[in-house]
Number of protein chains: 2
Amino acid sequence: MATIKDVAARAGVSISTVSHVLNHTRRVSEEATRNVLEAVSALNYAPNSVARSLKVNRTRTLGLLVTASTNPFFAEVVKGVEDYAFSQGYSLILCNTENQFERQRHYLRMLMEKRVDGLLVMCTDLDEAIQELMRSYQHVPQVVMDWGGSSDFANVINDNARNGAYLAARYLLQMGHRHIACISGQLHKATTQLRLDGVRDALAELDLSLADDLIFEGDYESQSGFDAMQQILALPQRPTAVFAFDDPMAMGALCAAHLAGVKVPDDLSIMGYDDTELARFTSPPLTTINHPKAELGKTAVELLMARIRNKELATESLTVKPELVVRQSVAAPRR
Amino acid sequence: MATIKDVAARAGVSISTVSHVLNHTRRVSEEATRNVLEAVSALNYAPNSVARSLKVNRTRTLGLLVTASTNPFFAEVVKGVEDYAFSQGYSLILCNTENQFERQRHYLRMLMEKRVDGLLVMCTDLDEAIQELMRSYQHVPQVVMDWGGSSDFANVINDNARNGAYLAARYLLQMGHRHIACISGQLHKATTQLRLDGVRDALAELDLSLADDLIFEGDYESQSGFDAMQQILALPQRPTAVFAFDDPMAMGALCAAHLAGVKVPDDLSIMGYDDTELARFTSPPLTTINHPKAELGKTAVELLMARIRNKELATESLTVKPELVVRQSVAAPRR
DNA sequence: GGCGTTGATTTTATCGCCACCCTAAGGTCG
DNA sequence: CGACCTTAGGGTGGCGATAAAATCAACGCC
């Protein structure tokens, strides 16, 4: 691999001149410029950004910690992040934590050693341990992308889970449903609790409350939606609507209903959450809540870059706005 | 950020001693070891792998070029790659090319400048331009993960598309279908052609052939499957089975059929390809071809690491074996 | 007691690049 | 004509680590 020294030698100029023409960091005569450029292409020279990073103390690399990148919701956010980071000349190290503390720890350490310029975290749930870990690395700008809380060292993007769930539940109520089951995520996750609160908010407006035995705990994956739906269908008094806390679980539920010969939405309404790309193409197309994913990704990177440029910046937090997307999996209940 | 020098000073030893205790690269007295370790944790020291990489000329980072990471198939392969790379202490720079040459060029350049140890490429189609580009970087180990052809400088993993499509078509034929439509990918892509050949292979065994007007060109995304299915349903003589060349398009097709009131599999059979996680949860669950994704990812990384360890290694190519997964979207045609 | 041996540790050179500090030459102007 | 810019470019220290070479201390041995 050619180095800057080789280029300088071939162009008949000094190392610093090469550096300056490549970085446009000071005027260089036309002739020298031409020689350098010629040498660069002749040697197929590519500057070593490892060396550069060491010198300038900046890597133009971001770390992205995510629970599970195969989940379509995460996948779409990751794409949003990657896309905007690319446009800003940054690259992305993808870290799948599988929600395992050991992996989180390992990856965080790796990212710190690789001296990423900033950290994006999307882990649905931040327990004490991981929060403490993140705090110990607070000298690196961080933004948390899906967390209801706030932080004194990281920027937080609030996904407004409570409001989103409220919109979903209110819509079901408006359609006339009064007997609504929830397929939730893991109950210990903050997001899950917020969504439950959102559902309660909507119910409270009609002086209704959420019965515990209508909450079926899932894990945000399709299989759990499928299993929960089987339980729901076996209920002596079957609900008229089911609100799944993400689209994959809604798909699992849709599938279980289909296999049981239950027609959606005629016999039972199903509502999803996130508006994943595939939600338009379920059978029937899924009524769901749009969680702006590309926007979330972009906003997160913007925030992070602002922090990278100015480390003293306030750790402001932003909120994204969920919206109801009406398709065909919800109808009025049969009288 | 503390450096090795700070650690050395605090521990009262030289920097090389610190280096040696951290890398277990030579015996160090118990006392010195203790002091160093104490200093490391007191200063919350994390070695700077940028500096390390510069010196040892190795970054323990791989670049992954992929067409579209939100496509569930790619997402699952990416996860397989990430998972195995992590277990080997490597991290991954994710590059979404969107199948745009400019992005591929940009990203390749970036990866070369960042001095990744190896390159994984999964772009479904390698036209002349990108192949030439890759060749110009052949001093870096590369493996191509989904390409029928072979290469003189990169390792290739053959995804056996032809055989997979053959299995799918043979199954449809065995079930008694004789009038089969294909929703293909872009016809100019090599993979698409291979799958078409596979279908032809199966048909040929029964002395049948594939009519051009039963090939509907899609783009491997759900929407195109949906659109194609609408065309198919409008056909004067409707086929009894549809083979979509990937699961998302099959889902789109399923959805279109559902909306048109066509029952799958009673009125029409639909077959997918890839066996994406969600294929178990479509309505009805999708009969499809399993393309071993995690295995593909792992194999690719293994191959790449072997090449990284020994650059002279032959550019062997491997083949991965697709399998039929029978679920409920295919039935015998009505007589 | 000088001398090689051994083991523990320190010194030093380098990796590739950038940023700062210089030098040299030519022009301007009081 | 000499002081002072301006423009173009060269030389070098140092970023933080590793690895080869050098040093040092302790020890046994003829």
Side-chain angles (χ1 to χ4, degrees), chain A residues 1-40 43-61 109-117 139-140, chain B residues 1-37 39-40 43-61 89 109-117 139-140:
Chain A
M1 197 78 244
T3 76
I4 198 173
K5 217 184 287 181
D6 304 323
V7 176
R10 192 176 215 278
V13 298
S14 73
I15 293 183
S16 40
T17 300
V18 176
S19 173
H20 284 124
V21 337
L22 294 181
N23 298 308
H24 305 106
T25 171
R26 96 177 159 195
R27 261 210 63 74
V28 175
S29 73
E30 205 172 295
E31 189 191 343
T33 304
R34 190 158 19 80
N35 287 340
V36 168
L37 262 25
E38 188 273 334
V40 162
L43 298 172
N44 197 17
Y45 169 72
N48 184 330
S49 61
V50 175
R52 181 170 212 282
S53 290
L54 176 61
K55 177 70 189 177
V56 303
N57 203 29
R58 181 167 33 75
T59 54
R60 290 194 176 281
T61 303
R109 173 130 198 124
M110 204 181 230
L111 293 173
M112 296 332 284
E113 295 191 354
K114 293 214 160 136
R115 297 292 193 268
V116 293
D117 292 341
H139 57 277
V140 175
Chain B
M1 196 80 241
T3 76
I4 197 172
K5 218 183 283 181
D6 304 322
V7 175
R10 192 175 213 278
V13 299
S14 74
I15 58 175
S16 53
T17 300
V18 176
S19 173
H20 284 125
V21 335
L22 293 181
N23 298 308
H24 306 106
T25 172
R26 143 168 114 191
R27 260 210 64 73
V28 175
S29 74
E30 203 172 298
E31 190 190 342
T33 304
R34 191 159 17 82
N35 287 340
V36 168
L37 262 25
V40 162
L43 297 172
N44 196 19
Y45 168 73
N48 183 330
S49 61
V50 176
R52 180 169 212 282
S53 290
L54 177 61
K55 178 67 190 176
V56 304
N57 203 28
R58 181 167 31 75
T59 53
R60 289 195 177 281
T61 303
R109 172 126 199 129
M110 202 183 232
L111 292 173
M112 297 332 283
E113 294 192 354
K114 294 216 160 134
R115 297 294 194 265
V116 294
D117 292 342
H139 56 278
V140 174

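Read 5' to 3', the first and last nucleotides of DNA chain C with an atom closer than 4.0 Å to a heavy atom of chain B are C:dA8 to C:dG16.
Pairing each heavy atom of B:Val7 with each of B:Tyr45, the nearest pair is CG2-CG, 3.6 Å.
Atoms OG1 and CE, from B:Thr61 and A:Met110 in turn, are 7.5 Å apart once rounded to the nearest 0.5 Å. Annotation: the span from B:Leu111 atom CG to B:Arg109 atom CZ amounts to 11.5 Å, rounded to 0.5 Å. Atom CZ of A:Arg52 sits about 14.0 Å away from atom CG of B:Leu54, to the nearest 0.5 Å.
Atom pair A:Met112:CE and D:dG16:P shows a separation of 15 Å (rounding to whole Å applied). As rounded to whole Å, 17 Å separates atom P of D:dG14 from atom CG of A:Asn57. Taking atom CG of A:Asn35 as the reference point, atom C1' of D:dA8 lies 14 Å away to the nearest angstrom.
Listed by first then second residue, pairs satisfying side chain to side chain donor-acceptor pair (under 3.5 Å) with a partner in residues 26-37 of chain A read A:His20-A:Arg26, not counting sequence neighbours.
Contacts between residues 46-56 of chain A and DNA chain D, counted as heavy-atom distances below 4.0 Å, involve A:Leu54, A:Lys55. Near-neighbour residues of DNA chain D inside residues 21-33 of chain B, defined by a heavy atom below 4.0 Å, number-ordered: B:Asn23, B:Arg26.
Put simply, the side chain of A:Leu37 reaches to within 4.5 Å of the side chain of A:Val21, judged on heavy atoms. Within the 4.5 Å cutoff, side-chain heavy atoms of A:Asn48 are placed close to those of B:Arg115. Using a 4.5 Å heavy-atom cutoff, the side chains of A:Val18 and A:Val13 are in contact. Here the side chains of B:His139 and B:Met112 are in contact, with some heavy-atom distance below 4.5 Å.
Proximity of a side-chain donor or acceptor of B:Ser19 to a complementary backbone N or O of B:Ile15 within less than 3.5 Å is not detected.
Overall bending of the helix from C:dG1-D:dC30 to C:dG30-D:dC1, expressed as the angle between end axes built from five pairs apiece, is 80° (10° steps).
Between B:Ser19 and D:dT18 there is a side-chain N or O to OP1 or OP2 distance below 4.0 Å.
Residue A:Asn23 qualifies as enclosed at atom CG: its count of foreign heavy atoms under 6.0 Å is above 12.
B:Ser14 and B:Thr17 share a side-chain donor-acceptor pair at under 3.5 Å.
Residue contacts shown for A:Thr17 are limited to sugar-phosphate atoms, with no base heavy atom under 4.0 Å away.
Remark: B:Arg10 engages B:Glu38 in a salt bridge (Lys or Arg N to Asp or Glu O under 4.0 Å) (not counting sequence neighbours).
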